[in-house]
Amino acid sequence: VVEIRDICEQAMALNKNLQMLYVTRNQERQLIQVAPERLALNHLGQQVLVARDLDKDQRLSYQVLQIERMKTIERR
């Protein structure tokens, strides 16, 4: 979790996007590309990444604990 947080913060500082393998509520693994905005806590106190899904063009929140892998990528 600390590593994921560090990668998120690095991407935001360097103005980069993120590619991540995210496990959904249905236990589906999805490869998603996002533009990170901030790290926050949801109403349950869980850490989330607030980011814009680049394919859906939607601002969503992703539970940090559900992110399996992540890397920074260049902005389009």
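This chain uses plain numbering: 1 for the first residue, then up along the sequence. Just so it is clear, the model here is predicted, and its values are computed rather than measured.
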Cluster question for you: counting only ILVMFWY and a side-chain heavy-atom cut-off of under 4.5 Å, with indirect links fine, are [X] and [Y] together?
X   : Y   : answer
I67 : V1  : yes
L21 : Y62 : no
V48 : V23 : no

Nearest-0.5 Å distance, [atom1] of residue [X] to [atom2] of residue [Y]:
X   : Y   : atom1 : atom2 : result
E74 : N15 : CD    : CG    : 9.5 Å
Q30 : Y22 : CD    : OH    : 9.0 Å
L49 : L60 : CG    : CG    : 10.0 Å
E3  : M70 : CD    : CE    : 10.0 Å
L18 : I73 : CG    : CD1   : 7.5 Å
M20 : I4  : CE    : CD1   : 9.0 Å

Set of residues satisfying salt bridge (Lys or Arg N to Asp or Glu O under 4.0 Å) with respect to [X], sequence neighbours excluded:
X   : answer
R29 : E68
K71 : none
D57 : R52

Please identify each residue that fulfils side chain to side chain donor-acceptor pair (under 3.5 Å) with Q47, with sequence neighbours left out.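 Only R5 meet the side chain to side chain donor-acceptor pair (under 3.5 Å) criterion with Q47.
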So, using side chain to side chain donor-acceptor pair (under 3.5 Å) as the criterion, who are the partners of N26 when residues are at least two apart?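 Applying side chain to side chain donor-acceptor pair (under 3.5 Å) to N26 gives none.
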After noting the C-alpha distance and the side-chain angles of N17 and L54, does the key distance pass the side-chain contact (heavy atoms from CB on, under 4.5 Å) rule? CA-CA 9 Å; N17 288 337; L54 298 176; 3.3 Å; yes
Does anything in residues 32-41 form a side-chain hydrogen bond (donor to acceptor under 3.5 Å, both in side chains)? List the pairs, not counting sequence neighbours.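 Sorted pair list: Q33-R76, E37-R59.
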For residues T72 and L14, determine if any side-chain heavy atom of one lies less than 4.5 Å from a side-chain heavy atom of the other.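 T72 vs L14: side chains apart.
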Can you tell me if CZ on R69 sees more than 12 non-hydrogen neighbours from other groups inside 6.0 Å?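 12 or below, so no.
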Given the rule in the side-chain contact (heavy atoms from CB on, under 4.5 Å) test, do M12 and L39 qualify, once you have shown the distances and angles that lead to the verdict? CA-CA 10 Å; M12 289 183 282; L39 289 166; 4.3 Å; yes
Looking at every non-hydrogen atom in both residues, tell me the closest pair between K16 and P36 and how far apart they are.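 Where K16 meets P36 most closely, the heavy atoms are O-CD, 3.4 Å.
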Looking only at heavy atoms, what is the nearest atom pair of D53 and D55, with distance?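 That closest heavy-atom pairing would be OD1-N, 2.9 Å.
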